[in-house]
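Letters A, B, ... mirror the listed sequences (proteins, then strands); counts begin at 1.
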Amino acid sequence: ALFAGSRLLKGYRGGHVVIRFALGGCTNRPFFRIVAAHSRRARDGKYLEQLGCLDPLPNAHGERVAGLNLERLRHWLGCGAQLSRPAEKLLGRPGAWGPGWGPATARRGSPLLLAGLAGFLPLHPMTVTGAERLRRRRGQEAVAPPADGSPGAR
Amino acid sequence: VAVAWPRPAPLPLRPPPAPRRRRVNGLGNPPAGGGAGRPAFADAAVQNLLYKMTGLNLQKVFRPVKKELKPPRYKLMTEAQLEEATRKAIEEAKEKLIMPPVLNEREPIDDVLAEDKFLEGSETTKYVFTDLTYSIPHRERFIVVREPNGVLRKATWEERDRMIQIFFPKEGRRVIPPVVFKDEHLVTVFQQDRHEDILNRCIAQFEPDSPDYIRVHHRTYDDIEKHGKYDLLRSTRHFGGMVWYLVNRKKTDGLLIDMIHRDLLDDATSLITLYHMLHPECQSAKEAKEGNLQGVDLIKVFVKTESQKEGYIQLALQAYEEATATSTAS
């Protein structure tokens, strides 16, 4: 029997369901679990359901392994869950159908299965912007050092 | 042949399901050896012949597997109970002798889903995404790879097998295939006469249509045929596959001699019948159909026309006939 005001059952005011990464693992060895949880909960605390995992360190074959339970993801997105920023970058931006996005190129999630669902997984704008910024910065660095290198070589 | 795949504890085998079906009946898919009208490995007639040739040596089928040591249990039974127990043992043995499928090598996957050139250079390693939905068969699972150059493609078969083993581990299978399956190490295994063990391990490790599975099996069969160690696989579930391989490549002489030496004339006739089914255009097949030959005559016709080691087989047949003559005479 649960008493009102018991420490075990925490009641929150407001908040919504989010799909985000919960960090686990050990020192210098991160491991993320893709998790559906209340937004007010601790990052690694009690969650509603685990929807997958992501290993950010490359394995022996040079790949970063990620698993996504797409069926349950669809369920939670259907229940109105939000995505955190890194989860958006990984999966895509639901509801971002806009004139600027072109054909339904899915971001790093599964395309064919979900391209039919309304707006699930088109590309996040920050991905495009981030890539452009990176390229621009690299271009500037490539131009700048030769300009500093020759005077600095003396 | 509708077979229910057994799941005995150490080495389960799951056949590749046809689309929309979890459990496939037998060995569906394109007939091994191709060509319309050609008998396939899965046909009832072929399976019958192969099954007869496999033999049913209960002592070997129920040979003790290395398990935890327990003291033996003795039971006191009447004749009727003993017969009942033997009958049940035979049925269990039949289940253990169900042949693993023989399939063609799978086509490599090469499908690009999206190309996003502007993503190039923003990541250093590739991402592999696996769909973890529990209720879809492994063959239909989505496993995609996002390369650092922005290309989103379907994963290759090796990547697929690895990912599926990581997330849905199967007993007896490792994520990275053991080194023993390489050719130089297979030689060592064959020298120790452990063909059956390596084949069991191969079935547990690889999918039946993967190139590694086919390569290991073919190497094993070649080695057995080279040294004449046919008896190692008799009364196991691999015998049918071996006979199929040999008959398709017309290397049946050694096997025929072995059968005659062991006085297995029925098996020899089944072998030749199978040969005629698979190669109906050969000389002995036509003669056999015309004359409707049975038994030893069939073997003699086959030996005259098709075999390479005619002398050996004639000798063996002579020895067999003398043996039967003396035994009937005495």
Problem - is_close_aromatic(A/Phe21, A/Phe32), centroid dist under 6.0 Å - result: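 Close enough - the centres of the two rings lie under 6.0 Å apart.
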Problem - Ion pair check, B/Arg153 and B/Glu159, cut-off under 4.0 Å - result: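 Result for this pair is yes, salt bridge flagged.
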Handout entry: N-O pairing of B/Glu207 and B/Arg173 below 4.0 Å
Key =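 A salt bridge links B/Glu207 with B/Arg173.
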Per-pair distances, 0.1 Å, donor-acceptor, side chain in residues 132-140 of chain A, under 3.5 Å, sequence neighbours excluded:
| unit_1 | atom_1 | unit_2 | atom_2 | d |
| --- | --- | --- | --- | --- |
| A/Arg135 | NH2 | B/Phe118 | O | 2.1 |
| A/Arg138 | NH1 | B/Gly121 | O | 3.0 |
| A/Arg138 | NH2 | B/Gly121 | O | 3.2 |

Exercise for the section: Please list, chain by chain and in numerical order, all residues satisfying ring-ring contact (aromatic ring centres under 6.0 Å, His included) with B/His195, sequence neighbours excluded. Expected result: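 Residues passing ring-ring contact (aromatic ring centres under 6.0 Å, His included) with B/His195: B/Phe190.
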Practice task
Please determine, among A/Ala131, A/Ala66, A/Gly52, the option with the most heavy-atom pairs under 4.5 Å with chain B.
Solution key: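 Ranked by heavy-atom pairs under 4.5 Å with chain B, first place is A/Ala66.
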Exercise for the section: Evaluate the salt bridge (Lys or Arg N to Asp or Glu O under 4.0 Å) criterion for residues A/Asp55 and A/Arg33: first the C-alpha distance (whole Å), next the side-chain angles of each, then the deciding distance (0.1 Å), finally the verdict. Expected result: CA-CA 9 Å; A/Asp55 176 10; A/Arg33 283 166 292 149; over 6 Å; no
Exercise for the section: Applying side chain to side chain donor-acceptor pair (under 3.5 Å), name anything that partners B/Arg219, two or more places apart in sequence or on another chain. Expected result: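 By the side chain to side chain donor-acceptor pair (under 3.5 Å) rule, B/Arg219 matches B/Asp183.
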Exercise for the section: For chain A, find its close neighbours in residues 161-168 of chain B: heavy-atom separation under 4.5 Å, sorted by number, or none. Expected result: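 The stretch touches chain A at B/Arg162, B/Met163, B/Phe167.
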Problem - Heavy-atom proximity to chain A below 4.5 Å, by part of B/Glu147 - result: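 For B/Glu147, no heavy atom lies under 4.5 Å from chain A.
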